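In what follows, residues are counted from 1 in the order of the sequence shown. A quick note: this is a predicted structure, and the numbers were derived from the prediction, not measured. In each ligand, atom 1 is the first atom listed, and ligand 1 is the first ligand listed.
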Amino acid sequence: MIVALLNQKGGVGKTTLALHLAGEWAGRGKRVTLVDADPQGSALDWSQQRAREHSPRLFGVVGLARDTLHREAPELARDVDHVVIDGPPRVAGLMRSALLAADLVLIPVQPSPLDGWASAEMLALLSEARIYRPELRARFVLNRCGARTVIARETAETLADHDPPVLRTAIGQRVIYADAAQSGRLAFEIDDDGPAAREIAALVTELERIAP
Ligand code: ADP
Ligand code: MG
């Protein structure tokens with residue numbers, strides 16, 4: 001399966017969730033390649049930091065921030081069980097290419113009612129991609145949910161009928177994600193049975209039900 005984390009907004013958690021999804025799958029014995037499609041290269045930075053810390057390799061990270069991604073990703077997918085694409089900011093050729101490459105698009109959003117979750121432009125690109133790839137699935141994933149996000153959760157339940165629907169698993173606002181990013185690690189390596197490790201496991205389990 002090729003999963004792309006996309007949102008034209010920066011700072012919503014594309015890289016954080018891409019790394020943790022890849023890590024969770026790797027931990028479950030899957031072969032995973034993470035494609036860093038962001039010209040800023042934060043996933044590549046993370047893997048270099050990881051190498052400096054001599055942490056064991058969990059999955060490969062390749063930089064592919066170019067709009068031929070949709071032709072190259074299927075080739076990468078041939079050698080592994082899952083390809084996870086950490087998407088670029090901004091709506092552009094790169095995002096169109098990532099949309100065409102993916103089987104499943106995850107759109108991380110911060111559950112603020114004041115936030116347009118995804119721009120009309122991005123949703124239009126998604127509809128366009130579905131003309132060519134009707135089987136393409138898309139889901140919102142709530143990230144950085146605080147203790148007061150119960151209200152947002154209820155909104156999520158009602159939004160489950162919408163298109164794209166919202167995943168049931170929401171990811172909390174947790175310092176451990178920032179610590180992990182900085183030290184080239186993953187949350188489950190810092191605390192293997194903590195709330196972050198558990199919600200990431202739940203996220204992967206939910207994804208596997210959507211796209212086995
Ligand atoms: P994007 O790739 O969409 O730009 P990032 O994954 O880089 O977003 O996240 C932006 C910042 O927010 C990073 O510093 C990251 O550590 C932090 N962050 C992301 N998700 C969470 C979370 N659930 N809890 C705490 N910090 C988070
Ligand atoms: Mg990023």
#### Entry: the Mg ion (ligand 2) reached by Thr16 (N, O or S, under 2.8 Å)
no

### Message
Can you tell me which portion of Arg174 lies within the under-4.0 Å heavy-atom range of ligand 1? Options are side chain, backbone, both, or neither.
### Response
backbone

### Task
Would you check the N or O atoms of Asp86, main chain and side chain alike, for any that come under 3.5 Å of an N or O of ligand 1?
no

### Considering all heavy atoms, the nearest Leu34-Ala22 contact
CD1-CB, 4.0 Å

### Task
Would you name the heavy atoms of Gln110 and Val12 that are closest together and state the gap between them?
NE2-CA, 4.1 Å

### Task
List the atom of Trp46, the atom of Ala181, and the distance in Å for their closest heavy-atom pair.
CD1-O, 3.6 Å

### Task
Report, in ascending order of atom number, the atoms of ligand 1 lying under 4.0 Å from any heavy atom of Tyr177.
22 (C), 23 (N), 24 (N)

### Query
Is the closest N or O pair between Gly10 and ligand 1 shorter than 3.5 Å?
no

## Note on the structure
Of all protein heavy atoms, the one nearest atom 7 (O) of ligand 1 is Thr15 CB, 3.9 Å

## Note on the structure
Atoms of ligand 1 under 4.0 Å from any heavy atom of Gly172, numbered from 1 in the order shown, are 22 (C), 23 (N), 24 (N)

## Note on the structure
min-distance protein heavy atom vs atom 8 (O) of ligand 1 -> Gly13 N, 3.0 Å

### Query
N/O of Val175 under 3.5 Å from N/O of ligand 1, yes or no?
no

#### Entry: Worked verdict on Tyr177 versus His20 for ring pair (Phe, Tyr, Trp, His ring centres under 6.0 Å)
CA-CA 9 Å; Tyr177 289 116; His20 282 86; 5.1 Å; yes

### Query
Counting each atom of ligand 1 from 1 as listed, which ones have a heavy atom of Lys14 under 4.0 Å away?
1 (P), 2 (O), 3 (O), 4 (O), 6 (O), 8 (O)

### Query
Between Arg90 and Met95, is there a donor-acceptor pair closer than 3.5 Å when you use the side chain of the first and the backbone of the second?
no

### Message
Ignoring hydrogens, what is the shortest heavy-atom contact between Pro164 and Ile107? Give both atom names and the distance.
### Response
CG-CD1, 4.1 Å

### Query
Where is the nearest protein heavy atom to atom 4 (O) of ligand 1: which residue, which atom, and how far?
Gly11 N, 2.7 Å

## Note on the structure
When distances are taken from atom 13 (C) of ligand 1, the protein heavy atom at minimum range is Thr16 OG1, 4.7 Å

### Query
Who's the nearest protein heavy-atom neighbour of atom 12 (O) of ligand 1, and how far?
Arg144 NH1, 2.9 Å

### Message
If you apply the rule side-chain contact (heavy atoms from CB on, under 4.5 Å), what do you find for Leu6 with Leu126, and how did you get there?
### Response
CA-CA 10 Å; Leu6 296 176; Leu126 181 60; over 6 Å; no

#### Entry: Location of contacts on Asn143 toward ligand 1, heavy atoms closer than 4.0 Å
side chain

### Task
Quick one: look up the protein heavy atom nearest atom 16 (O) of ligand 1 and list residue, atom name and how far away it is.
Ala178 CA, 3.5 Å

